[in-house]
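So the structure is just underneath, and the comments pick up after that.
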Amino acid sequence: MNPKLQSFALTGLRLALATAFLSAVAGRLGLWGKYGSGWVKFVAYVGSVNWFLPARLVPSAAITSTILETAFGLALLAGFQIRNAALGSAGLLMLFALAMFSGDPKSPFDYSVFTAAFGAFTLAAFTTPMASSV
């Protein structure tokens with residue numbers, strides 16, 4: 001295997017996952033302006049894909065997912081605990097994909113959520129524990 005190509009690919013994957021999480025969070029917090037969804041629409045979306053949750057738990061799910069996306073995004077961006085952040089990202093993305101799939105089986109494929117989840121698993125698999133912290 002070409003070590004330079006592997007390093008380039010893993011760095012690109014790490015940054016792509018980080019920016020995807022951080023961009024999504026920025027959109028729901030209004031930092032993307034007209035290009036973002038805003039918090040109210042995001043909470044409604046969380047409720048629609050997590051239709052099985054009691055309505056009172058939807059805001060907590062929205063807050064929790066936002067905190068986790070921010071934490072994983074920042075860790076990946078900074079190159080801190082890459083393997084752990086990648087595993088957490090993979091788990092979170094799989095939860096997103098399964099929740100989306102339960103209501104609209106087509107949407108997690110259209111939004112490449114399974115692809116991102118397995119990209120995160122790949123990043124974890126090819127990141128050595130020694131290289132996963134700054």
Side-chain angles (χ1 to χ4, degrees):
M1 186 177 306
N2 181 329
K4 287 183 182 181
L5 181 58
Q6 180 178 335
S7 177
F8 178 75
L10 292 175
T11 300
L13 181 55
R14 177 175 62 82
L15 295 176
L17 288 166
T19 56
F21 278 137
L22 296 174
S23 178
V25 169
R28 74 185 65 136
L29 297 180
L31 300 176
W32 275 117
K34 69 179 184 175
Y35 299 106
S37 62
W39 185 255
V40 173
K41 286 183 181 177
F42 173 67
V43 173
Y45 179 71
V46 169
S48 72
V49 299
N50 293 286
W51 53 269
F52 48 86
L53 285 180
R56 71 182 190 286
L57 294 180
V58 170
S60 296
I63 291 167
T64 301
S65 67
T66 299
I67 290 169
L68 290 172
E69 286 176 273
T70 301
F72 294 143
L74 290 173
L76 290 169
L77 187 65
F80 179 73
Q81 292 291 314
I82 298 167
R83 189 167 192 272
N84 292 330
L87 286 171
S89 297
L92 185 62
L93 286 161
M94 287 301 292
L95 288 174
F96 290 166
L98 294 173
M100 293 168 75
F101 189 83
S102 72
D104 174 10
K106 184 177 176 293
S107 66
F109 298 107
D110 287 355
Y111 293 106
S112 301
V113 185
F114 288 112
T115 304
F118 282 96
F121 278 124
T122 301
L123 180 60
F126 285 91
T127 300
T128 61
M130 291 295 275
S132 83
S133 48
V134 174

Same apolar cluster: Leu87 and Leu74, side chain cutoff 4.5 Å: no
Leu95 side, atom CG; Leu68 side, atom CG - distance, nearest 0.5 Å: 9.5 Å
hydrophobic_cluster_shared for Leu13 and Leu92, side chain cutoff 4.5 Å: yes
Crowding at OH, Tyr111 (>12 non-hydrogen neighbours, <6.0 Å): no
Within 6.0 angstrom of Phe114 CZ, more than 12 heavy atoms from elsewhere: yes
Steps toward side chain to side chain contact (heavy atoms under 4.5 Å, CB included) verdict (Leu17, Leu93): CA-CA 10 Å; Leu17 288 166; Leu93 286 161; 4.3 Å; yes
Atom of Ala124, atom of Arg83 and distance for their closest heavy-atom approach: O-NE, 3.3 Å
Criterion side chain to side chain contact (heavy atoms under 4.5 Å, CB included) on Phe42 and Val25, from CA distance to verdict: CA-CA 10 Å; Phe42 173 67; Val25 169; over 6 Å; no
Minimum heavy-atom distance Arg14-Gly79, with the two atoms named: NH1-N, 3.5 Å
Separation between OG of Ser89 and CZ of Phe96, rounded to the nearest 0.5 Å: 9.5 Å
Check: Phe52 and Leu57 side chains under 4.5 Å, non-hydrogen atoms: no
Transitive ILVMFWY side-chain link Trp32 to Phe21, under 4.5 Å: no
Shortest non-hydrogen contact from Trp51 toward Ser102: NE1-OG, 3.0 Å
hydrophobic_cluster_shared for Ile63 and Leu22, side chain cutoff 4.5 Å: no
Ala18 to Gly73 - nearest heavy-atom pair and separation: CB-O, 3.4 Å
Cluster overlap Met100 with Phe109, hydrophobic side-chain contacts below 4.5 Å: no
Shortest non-hydrogen contact from Leu53 toward Ala61: CD1-CB, 4.0 Å
With a 3.5 Å cut-off and sequence neighbours excluded, list the donor-acceptor pairs that the side chains of residues 43-50 form with protein atoms.
{"residue": "Ser48", "atom": "OG", "partner": "Tyr45", "partner atom": "O", "Å": "2.8"}
{"residue": "Asn50", "atom": "ND2", "partner": "Val46", "partner atom": "O", "Å": "2.9"}

Pairwise side-chain contact, Leu10 with Ile82, heavy-atom cut-off 4.5 Å (strictly under): no
More than 12 heavy atoms of other groups within 6.0 Å of Phe101 CZ: no
Heavy-atom closest pair, residues Ala75 and Ala85: CB-CB, 3.8 Å
Check: Thr66 and Trp39 side chains under 4.5 Å, non-hydrogen atoms: yes
Beyond-backbone contact of Leu77 with Leu15, side-chain heavy atoms, under 4.5 angstrom: yes
